[in-house]
Amino acid sequence: MNTLTLEDQVIITHSREESECFGEAFARSLPIGSVVAMYGDLGAGKTVIARGFARGLGISEAVSSPTYTIVQEYDIPGTANRFYHLDLYRITDEHAALGFGVDEFLSDPDAWTLLEWPIRIKGILPPEVIKLSIEKISDEERHITLEFPKNMDK
């Protein structure tokens, strides 16, 4: 799973390691400025994919779920770019999210932004958002669906 194309697709992973590797390849396939909305139940593996995503951007520090902090910001080594990992589970709606400046994370052209629980801000998601849905098939297997916006350069 070294390369991905910017086309809608379905991926099945069979372990945490494969899910992380998918996240890594996925990050490497996306242009800077990309916003990814991750959908999936609690325990589906969103943070596992985020960990791989960070690794794909060259981040070696530990990546954990920002459930209590809402956002984790990471510098991309050797660049002025950033990776934002947001967990909106504790946010009630778009107004609460705008109150902490979510719009700045969604529109930063020098960053990659990954959103967990984007349903909380569905009314303010940018039209070019990439949708990543994760379904837990078993303890180890995940069904991942990618949907790219029609206007995204491929």
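These figures come from a predicted structure and were not determined experimentally.
- Both Leu42 and Ile91 sit in one connected hydrophobic cluster of ILVMFWY residues. Membership requires side-chain heavy atoms under 4.5 Å apart, directly or through other members.
- The aromatic rings of Tyr74 and Phe83 sit parallel to each other, their planes meeting at less than 30°, with 60° as the upper class boundary.
- If you take CH2 on Trp117 and CZ on Arg90, they are separated by 11.5 Å, rounding to the nearest 0.5 Å.
- In this structure, Glu73 and Phe105 approach most closely via the heavy-atom pair OE2-CE2, 3.7 Å.
- With rounding to the nearest 0.5 angstrom, the CD1 atom of Ile32 is 5.5 Å from the CG atom of Asp110.
- Residues Ile12 and Ile137 are in side-chain contact: their nearest non-hydrogen atoms beyond the backbone lie under 4.5 Å apart.
- Arg51 has its side chain out of reach of Glu24: every pair of non-hydrogen atoms, C-beta onward, lies at least 4.5 Å apart.
- Val63 and Leu132 end up in the same hydrophobic cluster when Ile, Leu, Val, Met, Phe, Trp and Tyr side chains are linked at under 4.5 Å.
- Closest approach of Thr92 and Ala96 over heavy atoms only: OG1-CB, 3.7 Å.
- Between Gly58 and Pro77 the shortest heavy-atom distance is O-CG, 3.1 Å.
- Residue Ser19 comes nearest to Thr13 through the heavy atom pair OG-OG1, 2.7 Å, listed as atom of the first residue, atom of the second, then distance.
- The pair Glu20-Arg16 fails the salt-bridge criterion, with no side-chain N (NZ, NE, NH1 or NH2) lying under 4.0 Å from an Asp/Glu carboxylate O.
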Evaluate the side chain to side chain contact (heavy atoms under 4.5 Å, CB included) criterion for residues Met38 and Ile134: first the C-alpha distance (whole Å), next the side-chain angles of each, then the deciding distance (0.1 Å), finally the verdict.
-> CA-CA 8 Å; Met38 298 177 66; Ile134 309 167; 4.0 Å; yes
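- Under the 4.5 Å side-chain criterion, counting only non-hydrogen atoms from C-beta, Phe26 is in contact with Ser29.
- Within the 4.5 Å cutoff, the side chain of Asn81 has no heavy atoms near those of the Leu57 side chain.
- Under the 4.5 Å side-chain heavy-atom criterion for ILVMFWY residues, no single connected hydrophobic cluster contains both Ile119 and Val36.
- Residues Cys21 and Arg55 are in side-chain contact: their nearest non-hydrogen atoms beyond the backbone lie under 4.5 Å apart.
- Remark: the backbone N or O of Ala44 is paired with a side-chain donor or acceptor of Arg142 at under 3.5 angstrom.
- The closest side-chain heavy-atom distance from Glu128 to Val35 is not below 4.5 Å.
- Shown here for Ala111 and Tyr84, the closest heavy-atom pair between the two residues is CB-CE1, 3.4 Å.
- Using a 4.5 Å heavy-atom cutoff, the side chains of His85 and Glu116 are in contact.
- Within the model, atoms CG of Asp93 and CG of Leu88 stand 11.0 Å from one another, a figure rounded to the nearest 0.5 Å.
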What's the verdict on side chain to side chain contact (heavy atoms under 4.5 Å, CB included) for Leu106 and Leu115, showing C-alpha distance, side-chain angles and the deciding distance?
-> CA-CA 9 Å; Leu106 297 175; Leu115 305 167; 3.7 Å; yes
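- Here the side chains of Phe53 and Leu30 are in contact, with some heavy-atom distance below 4.5 Å.
- Looking only at atom types and distance, the side chain of Ser133 has no donor-acceptor partner in the side chain of Thr145 under 3.5 Å away.
- Of all heavy-atom pairs between Asp75 and Ile59, the closest is O-CG1, 3.8 Å.
- Note that CG of Leu146 is 4.5 Å distant from CD1 of Ile11, once rounded to the nearest 0.5 Å.
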